[in-house]
Engineer: 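Please read through the structure below; I'll follow up with questions.
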Amino acid sequence: MVLCSDREPGPGWGGPRTGTPQTHSRLRSREDPMPVRVRFAPSPTGYLHVGGARTALINWLYARRHGGAFILRIEDTDEARSTPEMTQAILDGLSWLGIAWDEGPFFQSGRQALYRENANKLLSSGHAYRCFCSKEALDSRRNASGKPAEWKYDRLCRAIPREESDRRAAAGEPFVVRCDVPKGKLAWDDVVKGRIEFDSSEVEDFVLLRSDGTPTYHLSVVSDDVAMGMTHVIRGEDHISNTPKQIALYEGLGVEPPVFGHLPLILGMDKKKLSKRHGTVSVLSYRDEGILPLALFNFLAQLGANLGEEPFLTMTEVIRRFDFSALKNSASVFDRERLAFINAKVMGETSPCELAVVLRPFLEALLPAGPEPGEAAVRVMATRAKDLRELAAMLVPFLTLDFPLDPKGLEKARKDPGALAALEGLLPRLEGLAEDEWGPAKLEEVLRGHAEASGVKAGALIHPCRLFLTGRTESPGIFDVLAAMGRPGTLARLKRGLDSVSAAGG
RNA sequence: GUCCCCAUCGUCUAGCCCGGCCUAGGACACCGGCCUUUCACGCCGGCGACGGGGGUUCGAAUCCCCCUGGGGACGCCA
C-alpha cells in the first residue's frame with residue numbers, strides 16, 4: 001500500500017469506515033431532546049442505483065448534520081428476489097461513495113419473531129383482524145363490483161366475532177391478518193412536501209401477515225422503525241401512499257410516528273423515472289467508468305437541492321450546508337453532462353498522489369503489471385482528463401514505449417521532412433542538458449532556440465514532438481510534458497517516433 | 001379509473017413562504033470571440049424559461065381557483 005507522501009488533503013472523500021456498530025450517545029440537551037436516528041432500508045433485489053444512493057446520502061447527511069445515527073437495514077424478506085450478491089453490491093456502493101453507516105447492517109430475515117409479536121399485539125388490541133377470504137373470493141367480488149380498478153377490500157371479515165375467528169383459526173382454516181384502518185384522516189407534516197392528508201376511505205384494510213404467517217412490508221418496516229427508534233423516515237416519493245397505512249400501524253401500536261419526508265424522484269433525460277433503459281443507473285458502474293466518488297457524491301447532493309453556487313464542495317461543507325429546507329419538492333433529471341463537468345473539476349482539485357492510488361485499477365486494465373506512473377506525469381496529464389479512465393489512457397505513453405501514434409498526426413508529420421530533420425537535430429542538444437536543467441523553462445528556451453537556428457517555426461517542432469511523446473495530437477503544454485517525461489524517456493520516445501516515421505514512410 | 005405529488009431557460013437551479021428591488025439571476029450543454037504550440041481550462045459575449053386561463057391587487061413568477069401537462073401509488077412485492 002503506497003501512502004500519499006504529501007500531506008495535501010485534497011477535496012477528499014473521508015475514507016468509509018463501515019460496519020462498525022457503535023453505541024450512539026444519548027446525550028440530551030434542551031434544544032435537541034431526541035438524538036436523530038435515520039435509516040436507509042434498501043431491498044437487495046438489485047444494484048444500488050443512483051436514486052437509492054441519493055436517498056441514503058440525504059439520510060446520512062441529516063444524521064451527520066445533527067450528530068445522529070445513520071442505520072443500514074437490508075429488507076430481504078422477499079426471499080425469492082433477494083440475493084447476498086446484491087446486498088454486497090449495495091454495501092460496496094455506499095462505501096465507495098463514502099457513506100458510512102453507524103449501525104447495522106441489520107437483516108429483516110432474522111427478525112420474524114418481532115413482526116409476529118406485533119401482529120398478535122394488533123390482533124388482540126383490535127387494531128387488526130383475521131381475514132378468511134380466499135384469493136378467488138376476493139377476485140370475484142372485485143370483478144362483480146363494476147369498477148375492479150377502484151375496488152378495495154370490503155372488510156367483510158371485520159364483522160366476524162372474536163370467538164368465531166379464534167375457532168376457525170384453531171381449526172386450521174387459512175387466513176391473513178389485516179389492519180383495521182381507523183375512520184377519519186390519516187395525515188402528517190412531510191418535511192419536504194408539507195402537509196399531506198389521506199381520507200381513510202381511500203386506504204384499504206391491508207394485509208399484515210400472509211396466509212403462510214410471514215409479514216408484509218408495512219408490518220416489518222414499522223416494527224423495525226419502532227424497534228430501532230427511528231426519529232425520521234426519509235425515503236422516496238413513491239412511498240407517499242404507503243405512509244397513511246404505516247401511520248395507522250403506529251397508532252394501532254400506540255407509538256408516536258416518526259417525522260416523515262418524501263424525496264422527489266430522479267428522472268432520466270426523457271423525464272421518465274430513471275431505469276435501465278436510460279443507461280447507467282448503478283452507482284458502481286460510475287466507479288468503473290472512472291468517476292470519482294466525491295464527484296457523484298456532490299452531483300447527488302446537489303440534485304434537487306440548493307447548496308450554493310460552487311460546482312462542488314467537500315463532504316464536510318456539504319454536511320454543513322445541508323438541510324431539508326434546501327430540498328426542492330419537484331423531480332429532477334439526472335444529467336450526465338453535469339456529472340462529467342463536476343468530475344473534471346474534482347479531478348483538478350485532487351492531489352496527484354491520491355489520483356495515482358485510485359487510478360491503479362484503470363492502469364492495470366490497460367497495462368497489466370506495468371510500472372506506476374510518476375507523480376509529475378499524473379500531475380501534468382490530470383489537467384486534461386475528465387475521468388480516471390481517460391487519465392489512465394493518457395498515462396500509458398509514460399510507462400511504455402509500446403503505444404500507438406495517432407495516424408492522422410503521423411501523416412501530417414511526414415509531410416514536413418524539414419521539421420523532422422530539425423527535430424532530429426534537437427536530440428543532441430537535449431542530450432546535452434544536465435539533469436537539473438530539465439525543466440519547462442529551459443526546455444522551451446532550447447527548443448525555441450533550436451527552431452530559430454534551424455529556420456523552422458517552433459510549432460513545426462512541437463507538433464511531432466507531442467505526437468511522439470504522447471501518441472496524440474493534443475496534450476497539455478508540451479514543455480510540461482517534456483519535463484514530466486524526463487530526459488531518458490523523452491529521448492527514447494523521440495527516437496522511436498523518428499524511426500517509425502521513416503520506416504513506415506518508406 | 002381512483003387517490004396522491006409536482007410544474008421557472010434543453011438540463012441543474014435562484015427568486016415564491018413575507019407580492020413591487022425581476023426588462024427573471026447563476027451554472028451545465030450549445031454557438032461565437034479572446035488566450036495559445038495542440039486540446040482543454042480560463043475570460044468575454046450570444047442563444048434560452050415563469051405551461052394555459054380566470055381571479056385578488058395600483059402592481060403577480062410570487063396569493064386563490066380551474067384546466068392542461070408530467071410523475072407516483074393503487075399486491076398475501078419491497
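All values below come from the heavy atoms of this structure, side chains included, with hydrogens, waters and symmetry mates left out. Proteins come first, then strands; the chains are lettered A, B, ... in the order of their sequence lines, and each starts at number 1.
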Engineer: Assign A:Phe206 to base, sugar-phosphate, or nothing according to its heavy-atom contacts below 4.0 angstrom with the strands shown.
Structural biologist: nothing
Engineer: Could you check whether A:Ala305 gets within reach of a base, just the sugar-phosphate, or nothing at all, counting any heavy atom under 4.0 Å?
Structural biologist: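 If one applies the 4.0 Å heavy-atom cut-off, A:Ala305 turns out to touch the sugar-phosphate alone, with no base involved.
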Engineer: How close do A:Lys152 and A:Glu202 get, counting heavy atoms only, and between which atoms?
Structural biologist: CE-O, 3.0 Å
Engineer: State which residues pass side-chain contact (heavy atoms from CB on, under 4.5 Å) with A:Ala484; sequence neighbours excluded, sorted by chain then number.
Structural biologist: A:Ala376, A:Val380, A:Phe398
Engineer: Report the distance from atom CD of A:Glu349 to atom C1' of B:C41, rounded to the nearest whole Å.
Structural biologist: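 My rounded result for the distance is 12 Å.
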Engineer: Determine the contact category for A:Lys147: base if any of its heavy atoms lies under 4.0 Å from a base atom, sugar-phosphate if only primed atoms, P, OP1 or OP2 are that close, otherwise nothing.
Structural biologist: nothing
Engineer: Using the six-membered ring wherever Trp is involved, compare the ring planes of A:Trp188 and A:Phe198 and label them parallel, tilted or perpendicular (cut-offs 30° and 60°).
Structural biologist: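 The rings of A:Trp188 and A:Phe198 lie parallel, inter-plane angle below 30°.
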Engineer: Name the nucleic acid region contacted by A:Asp76, choosing base, sugar-phosphate or nothing; use a 4.0 angstrom heavy-atom cut-off, strictly under.
Structural biologist: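 A:Asp76: no heavy atom of the nucleic acid under 4.0 Å.
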Engineer: Expressed as a whole number of Å, how far does the P atom of B:G51 sit from that of B:C9?
Structural biologist: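 So the two P atoms sit 7 Å from each other.
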Engineer: If the P atom of B:A73 is compared with that of B:G33, how far apart are they to the nearest Å?
Structural biologist: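 Taking atom P in both B:A73 and B:G33, they lie 48 Å apart.
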Engineer: If I pick the C1' atom on B:C16 and the same atom on B:A60, what distance separates them, to the nearest angstrom?
Structural biologist: 10 Å
Engineer: Dump the intermediate steps for salt bridge (charged side-chain N to carboxylate O under 4.0 Å, His left out) on A:Lys345 and A:Glu349, then the final yes or no.
Structural biologist: CA-CA 7 Å; A:Lys345 284 290 186 190; A:Glu349 297 288 326; over 6 Å; no
Engineer: Could you write out each protein N or O paired with an N or O of nucleotides 44-51 of chain B at a distance under 3.5 Å?
Structural biologist:
none

Engineer: Pick the C1' atom in B:A7 and in B:U62, then give their distance to the nearest Å.
Structural biologist: 14 Å
Engineer: Could you note down all residue pairs passing salt bridge (charged side-chain N to carboxylate O under 4.0 Å, His left out) where residues 139-148 of chain A supplies at least one of them, sequence neighbours left out?
Structural biologist: A:Arg141-A:Asp154
Engineer: Is any side-chain nitrogen or oxygen of A:Arg210 closer than 4.0 Å to OP1 or OP2 of B:G75?
Structural biologist: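 Result: no.
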Engineer: Between A:Phe206 and A:Tyr153, does the ring centre distance come in under 6.0 Å?
Structural biologist: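 Ring-ring flag for A:Phe206/A:Tyr153: false, centres at least 6.0 Å apart.
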Engineer: Starting from the 5' end of RNA chain B, give me the residue, A:Glu197 or A:Cys133, whose nearest nucleotide shows up first.
Structural biologist: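 Upstream on the strand: A:Glu197.
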Engineer: Describe the nucleic acid contact of A:Lys386 in one word from base, sugar-phosphate, nothing, applying a heavy-atom distance below 4.0 Å.
Structural biologist: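 No contact.
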Engineer: Expressed in whole Å, how much space separates the P atoms belonging to B:C4 and B:U56?
Structural biologist: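 Their P atoms lie roughly 28 Å apart.
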Engineer: Using atom P of each nucleotide, how far apart are B:A49 and B:U37 to the nearest Å?
Structural biologist: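 Between the two P atoms, the distance is 39 Å.
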Engineer: Tell me yes or no: between the side chains of A:Ser165 and A:Arg130, is some donor less than 3.5 Å from an acceptor?
Structural biologist: yes
Engineer: Send over the distance from A:Phe334 CZ to B:G10 C1', rounded to a whole Å.
Structural biologist: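 My rounded result for the distance is 17 Å.
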Engineer: Anything under 30° is parallel, anything over 60° is perpendicular, the rest tilted; go ahead and classify A:His262 against A:Phe260.
Structural biologist: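 It falls in the parallel class, under 30°.
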Engineer: Taking only residues at least two apart or on different chains, which pairs with a member in residues 294-303 of chain A satisfy salt bridge (charged side-chain N to carboxylate O under 4.0 Å, His left out)?
Structural biologist: none
Engineer: With sequence neighbours left out, write down each residue that passes ring pair (Phe, Tyr, Trp, His ring centres under 6.0 Å) with A:Phe175, or none if nothing qualifies.
Structural biologist: A:Phe132
Engineer: Dump the pairs, protein N or O against N or O of nucleotides 26-34 of chain B, anything under 3.5 Å, distances to one decimal.
Structural biologist:
from, atom 1, to, atom 2, distance (Å)
B:G26, O2', A:Glu309, OE1, 2.8
B:A27, N3, A:Arg338, NH1, 3.4
B:C28, O4', A:Arg338, NH1, 3.3

Engineer: Counting any heavy atom closer than 4.0 Å, what does A:Ile240 reach on the DNA or RNA strands: base, sugar-phosphate only, or nothing?
Structural biologist: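 Sugar-phosphate, no base atom in range.
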Engineer: Rounded to the Å, how far apart are A:Lys328 NZ and B:A61 P?
Structural biologist: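 Roughly 19 Å, once rounded to whole Å.
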Engineer: Quick one, A:Asp224 with A:Arg111, criterion salt bridge (charged side-chain N to carboxylate O under 4.0 Å, His left out). Give me CA distance, side-chain angles, the key distance, then yes/no.
Structural biologist: CA-CA 9 Å; A:Asp224 281 335; A:Arg111 304 166 59 85; 2.6 Å; yes
Engineer: What is the distance, rounded to the nearest whole Å, between atom CZ of A:Phe132 and atom C1' of B:C76?
Structural biologist: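 Roughly 15 Å, once rounded to whole Å.
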Engineer: Does A:Val333 reach a base, just sugar-phosphate, or nothing at all? Heavy atoms under 4.0 Å.
Structural biologist: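 Answer is sugar-phosphate: A:Val333 comes under 4.0 Å of backbone atoms only.
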Engineer: With sequence neighbours excluded, give me every salt bridge (charged side-chain N to carboxylate O under 4.0 Å, His left out) pair touching residues 446-474 of chain A.
Structural biologist: A:Glu444-A:Arg448
Engineer: With sequence neighbours left out, write down each residue that passes ring pair (Phe, Tyr, Trp, His ring centres under 6.0 Å) with A:Phe403, or none if nothing qualifies.
Structural biologist: none
Engineer: Output the rounded distance in Å from CD (A:Glu204) to P (B:A73).
Structural biologist: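 Whole-Å distance recorded here is 16 Å.
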Engineer: Test side chain to side chain donor-acceptor pair (under 3.5 Å) on A:Glu317 and A:Thr314 and set out the steps.
Structural biologist: CA-CA 5 Å; A:Glu317 192 56 23; A:Thr314 60; 5.2 Å; no
Engineer: In residues 459-477 of chain A, which residues come under 4.0 Å of RNA chain B by heavy atom?
Structural biologist: A:Ile462, A:His463, A:Arg466, A:Thr473, A:Glu474, A:Ser475, A:Pro476, A:Gly477
Engineer: Considering non-hydrogen atoms only, spot the tightest contact between A:Pro352 and A:Val378 and give its length.
Structural biologist: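 The pair with the smallest heavy-atom distance is O-CG1, 3.7 Å.
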Engineer: Would you say A:Asp406 and A:Thr473 are linked by a side-chain donor-acceptor pair, where the criterion is simply a distance under 3.5 Å?
Structural biologist: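 The answer is no; no qualifying pair exists.
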Engineer: For B:U11, does OP1 or OP2 lie under 4.0 Å from any side-chain N or O of A:Arg336?
Structural biologist: no
Engineer: Among residues 213-226 of chain A, which ones have heavy-atom contacts with RNA chain B below 4.0 Å?
Structural biologist: A:Thr216, A:Tyr217
Engineer: Quick check on RNA chain B: between A:Asn329 and A:Val207, whose nearest nucleotide comes earlier from the 5' end?
Structural biologist: A:Asn329
Engineer: Taking side-chain contact (heavy atoms from CB on, under 4.5 Å) as the definition, give me every residue that meets it alongside A:Thr383, ordered by chain and number, with sequence neighbours left out.
Structural biologist: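 Expected list: A:Pro476.
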Engineer: In terms of side-chain heavy atoms, does A:Thr243 have a donor or acceptor partner in A:Arg235 at a distance below 3.5 Å?
Structural biologist: yes
Engineer: Write out a two-atom table: protein N or O, nucleotide N or O from nucleotides 63-71 of chain B, distance below 3.5 Å.
Structural biologist:
from, atom 1, to, atom 2, distance (Å)
B:G71, OP1, A:Lys272, NZ, 2.4

Engineer: Between B:G71 and B:C58, how far apart are the two P atoms, rounded to whole Å?
Structural biologist: 41 Å
Engineer: Roughly, in whole Å, what's the span from CG in A:Leu303 to C1' in B:A14?
Structural biologist: 16 Å
Engineer: Looking only at atom P, what distance separates B:G54 and B:A61, rounded to whole Å?
Structural biologist: 14 Å
